[in-house]
Amino acid sequence: MSYIIEIEDLQKHYDNSGERFHALRDIDMKVRRGECVILKGISGSGKTTLLGIMAGLDHPSSGKVIVDGEAIAKLPDRHLSRFRGKHIGMIFQHYNLIENFSVRENVMVPLVPMNLDFEEVERRVRESMEVANISHKASMSAGRLSGGEKQRTAIARALASDPEIILCDEPTANLDRANSERFVEILSKLHDMGKSIVIATHDPIFDHLPFEARVVHMEDGRVVEEGRES
Ligand code: ADP
Ligand code: MG
């Protein structure tokens, strides 16, 4: 099967005090295995909502969401968290690290429920930190890292479970130019590793990537335009 994510006729609305707000409307989107998709759109256009539904963090109001062959839209939450642990690595704008854990311990967290043997845990943590260029800070507590280092720790944590899919929400929003460029370099490695990647961003640094990516523009909860950039 060539698609890792297939979304059909997806709707998401919120009902607040009798008013219905449509956060996502009529979304049809397919992501090929190994593809990188850039979701663009101004704040409030629905990017985070869409990523959350792809990750199984949130349920759609209606429509189909098939991720790696599994229809996740109606899966109960306890199955969703297992599904997420196996298939999805997430990188958030605010990193969501445990501040008093070391880098190594943060990267280890997603492996805990997997019941791997000690050598396998060590190997995955070491390799993930290498890809993310954070091995040299392995023993430092996360609270003492710089912004760029925090983000690289979050990348290593996202890689530890060896997921096929990497979802990033505004990954460079809190980074300076140099660290944003380093992020793009790591992204390029992940692309070469064959990861399927979706990034929500409005940072123009993603307009010129050193590898092929597809841009999907969102506006008021709809996909309005698609194009190719590299
Ligand atoms: P983006 O990530 O592109 O900035 P979001 O997906 O965060 O956009 O939000 C899309 C719209 O959905 C926004 O107008 C937001 O206020 C609204 N929204 C998000 N979550 C909720 C919620 N729980 N209840 C009501 N409205 C929400
Ligand atoms: Mg957002």
_Test of understanding: with side chain to side chain donor-acceptor pair (under 3.5 Å), list the residues that count as partners of Asp28, not counting sequence neighbours._
none
If hydrophobic clusters are built by linking Ile, Leu, Val, Met, Phe, Trp and Tyr wherever their side-chain heavy atoms come under 4.5 Å apart, do [X] and [Y] end up in the same one?
X	Y	result
Phe92	Val107	no
Ile42	Leu51	no
Met140	Tyr95	no
Val37	Val65	yes
Phe183	Leu145	no

Closer than 3.5 angstrom, by distance alone: can the side chain of [X] be matched with the main-chain N or O of [Y] as a donor-acceptor pair?
X	Y	value
Arg84	Gly56	yes
Lys137	Ala142	no
Arg152	Asn133	yes
Glu149	Ser146	yes
Arg124	Ala160	yes
Asp176	Asn179	yes
Lys47	Gly41	yes
Lys12	His59	yes
Lys150	Leu97	no
Asn174	His94	no

With rounding to the nearest 0.5 Å, note down the distance linking [atom1] in [X] to [atom2] in [Y].
X	Y	atom1	atom2	value
Arg214	Leu39	CZ	CG	9.5 Å
Ile7	Lys64	CD1	NZ	12.5 Å
Leu57	Ile88	CG	CD1	8.5 Å
Asp77	Asp58	CG	CG	9.5 Å

*Over 12 foreign heavy atoms within 6.0 Å of CG, Leu116*: yes
*What class does the angle between the rings of His13 and His22 fall in, given that below 30° is parallel, 30 to 60° is tilted and above 60° is perpendicular?*
perpendicular
Is it true that [X] and [Y] have a side-chain N and a carboxylate O under 4.0 angstrom from each other?
X	Y	answer
Glu127	Arg123	yes
Glu181	Arg177	yes
Asp26	Arg222	yes

_Lys NZ or Arg CZ of Lys30 over Tyr3 ring: under 6.0 Å, within 45°_ = yes
Mind listing the side-chain donor-acceptor pairs of residues 161-168 below 3.5 Å, one per line with the distance, residues two or more places apart or on another chain?
{"from": "Ser161", "atom 1": "OG", "to": "Gly85", "atom 2": "O", "distance (Å)": "3.4"}
{"from": "Asp162", "atom 1": "OD1", "to": "Lys195", "atom 2": "NZ", "distance (Å)": "2.9"}
{"from": "Glu164", "atom 1": "OE1", "to": "Arg33", "atom 2": "NH1", "distance (Å)": "3.4"}
{"from": "Glu164", "atom 1": "OE2", "to": "Arg33", "atom 2": "NH1", "distance (Å)": "2.7"}

I'd like to check [X] versus [Y] (side-chain heavy atoms, cut-off strictly below 4.5 Å). Are they in contact?
X	Y	answer
Met90	Asn96	no
Leu209	His191	no
Cys36	Phe206	no
Leu187	Phe211	yes
Arg25	Gln11	yes

_Under 3.5 Å, is there a donor on one side chain and an acceptor on the other for Asp203 and Thr172?_
yes
